[in-house]
Every structure is written in C-alpha cells, then in structure tokens.
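All values below come from the heavy atoms of this structure, side chains included, with hydrogens, waters and symmetry mates left out.
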Amino acid sequence: ELDAPLGSPGRAGIDAYGVGVDANVWVAGNVRLSGEAFHGRGLGIFSGQIIQAGAVSNGRAHGINSNGGWGEFHVEAPADVTSRWKNLSANAGYGIEQNRDQDLLVGMRERNQTFLVNGQYKLYPNVTLALEYRHVRTDFFRQDAADNSLNWANFSVLYTF
C-alpha cells in the first residue's frame with residue numbers, strides 16, 4: 001500500500017503481481033550458473049533493490065511495472081584437488097531492474113544495475129573469509145544529472161555453528 005494523497009484518509013492499495021523464473025545449473029563438477037528473470041507490478045524490493053512499488057499521480061495510486069533479473073557464474077576447486085586451493089570459490093554476477101517509463105514520475109528511479117565479483121576461502125570447517133567488490137548504478141527518470149553510481153568493497157569473516 002502507498003500513502004494516500006494529501007487530504008485523503010488512510011492508505012491506498014495498488015494492484016501487484018509478479019512472475020519469475022529461476023535457474024541453478026551445475027555445468028561441470030565445479031562450475032555453476034544461476035539466475036533469475038522476473039516481470040511484475042508493485043514489486044517494491046523484489047530483486048533489483050530499486051525499492052519502488054508504486055506512485056501517486058492525478059490523485060490515484062498505481063503500481064509500477066518492472067522487468068529484471070540477475071545472473072551469476074560460480075566456480076570452485078574440483079573435488080579431486082587436495083591442495084590449499086580446494087577451499088577457494090569465486091563468483092561473478094550482474095543484475096538489473098528496469099521500471100516502465102510510463103509508470104514513473106520525474107525523478108523516480110528508472111533503472112538499477114549491479115556488477116559484482118567475490119571470492120571465499122574456507123580457512124577452517126566453520127570459518128570462511130570472503131572479499132567482494134560491487135559496482136551499483138542507478139538511473140533516474142528524466143533527470144540524467146541525478147544518475148549516480150557507487151563502488152563498494154567489503155571483507156567478511158563468516159563463522160558457522
């Protein structure tokens with residue numbers, strides 16, 4: 001639901017639906033391709049993290065139609081590797097969410113894109129070290145000067161119990 005326009009009581013509902021197709025395929029013993037494609041209306045934070053479910057125009061709330069998806073390439077050491085490299089894995093991926101222009105108001109987020117690479121090393125059975133780099137680009141509807149991007153890197157220590 002969206003907040004109703006000023007002067008109206010309560011909240012206004014919007015129509016929402018979504019369809020998606022997911023895949024997770026091992027193409028070799030140590031290589032996996034995975035991904036998702038989706039289409040829908042009023043999805044909000046569904047996959048591409050654009051976080052816009054709807055808009056209010058002419059006093060009416062309506063859902064924003066969007067398409068998108070993501071794909072990831074995963075590789076890890078083959079099962080027969082016995083050296084220290086057997087604990088290493090890496091991923092590379094791309095994701096996009098594109099909102100339909102006719103549903104947007106000037107200044108709303110039109111498109112989000114993310115590119116990422118990461119690696120993980122299992123130091124001990126319950127301790128994993130991970131390093132990731134991500135580039136995110138956001139385009140705004142009819143406000144090219146507002147388009148922006150960010151580069152993000154992080155290092156993590158994962159402990160499982």
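- Under the 4.5 Å side-chain contact rule for hydrophobic residues, F155 and V127 share a cluster.
- A55 approaches D103 most closely through the heavy-atom pair CB-O, 4.0 Å.
- By the neighbour-count criterion of 12 heavy atoms within 6.0 Å, atom OH of Y124 is sparsely surrounded, having that number or fewer from other residues, nucleotides or ligands.
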Evaluate F140 against M108 for side chain to side chain contact (heavy atoms under 4.5 Å, CB included), listing each step before the verdict. CA-CA 6 Å; F140 291 85; M108 294 181 82; over 6 Å; no
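- For the pair R32 and W26, the distance from NZ or CZ to the six-membered ring centre is under 6.0 Å and the angle to the ring normal is within 45 degrees.
- Between G42 and A16, the shortest heavy-atom contact is O-CB, 3.9 Å.
- Between the side chains of H74 and E72, no donor N or O sits under 3.5 Å from an acceptor N or O.
- To the nearest 0.5 Å, atom CZ of residue R111 and atom CG of residue N99 are 10.0 Å apart.
- L43 and V21 fall into different hydrophobic clusters, defined by Ile, Leu, Val, Met, Phe, Trp and Tyr side-chain heavy atoms under 4.5 Å apart, directly or through other members.
- The two residues S34 and N24 have their closest heavy-atom pair at CB-OD1, 3.6 Å.
- Atom CG of N67 sits about 8.0 Å away from atom CD of Q98, to the nearest 0.5 Å.
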Go through it in stages, so that I can follow the logic: the residues are N118 and L131, the test is side chain to side chain contact (heavy atoms under 4.5 Å, CB included), and I'd like the CA-CA distance, side-chain angles, deciding distance and then a yes or no. CA-CA 6 Å; N118 64 39; L131 181 63; over 6 Å; no
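- In the model, Y17 has a side-chain atom that pairs as donor or acceptor with a side-chain atom of H39 under 3.5 Å.
- Transitive grouping of hydrophobic side chains (ILVMFWY, heavy atoms separated by less than 4.5 Å) brings W85 and Y121 into a common cluster.
- For the ring-ring contact (aromatic ring centres under 6.0 Å, His included) test, no residue two or more places apart in sequence or in another chain qualifies with F73.
- Judged as a salt bridge (Lys or Arg N to Asp or Glu O under 4.0 Å), and not counting sequence neighbours, the contacts of R137 are D139, D147.
- To the nearest 0.5 angstrom, Q113 atom CD is 8.0 Å from H135 atom NE2.
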Test log, rule side chain to side chain contact (heavy atoms under 4.5 Å, CB included), inputs L88 and K86: CA-CA 6 Å; L88 184 65; K86 72 179 180 184; over 6 Å; no
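- Contact check for T128 versus L123: no side-chain heavy atoms found under the 4.5 Å cut-off.
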Derivation of the side chain to side chain contact (heavy atoms under 4.5 Å, CB included) call for D101 and E110: CA-CA 7 Å; D101 288 355; E110 179 180 23; 2.6 Å; yes
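- For the residue pair Y159 and N126, a side-chain donor N or O sits within less than 3.5 Å of a side-chain acceptor on the partner.
- R109 contributes atom CZ, which lies 9.0 Å from atom CD1 of I64 (distance to the nearest 0.5 angstrom).
- The environment of R100 atom CZ is dense: over 12 non-hydrogen atoms of other residues, nucleotides or ligands sit within 6.0 angstrom.
- Once rounded to the nearest 0.5 Å, the distance linking CD of Q120 with CG of N87 reads 11.5 Å.
- For the atom pair CD of Q143 and CG of L105, the computed distance is 11.0 Å after rounding to the nearest 0.5 Å.
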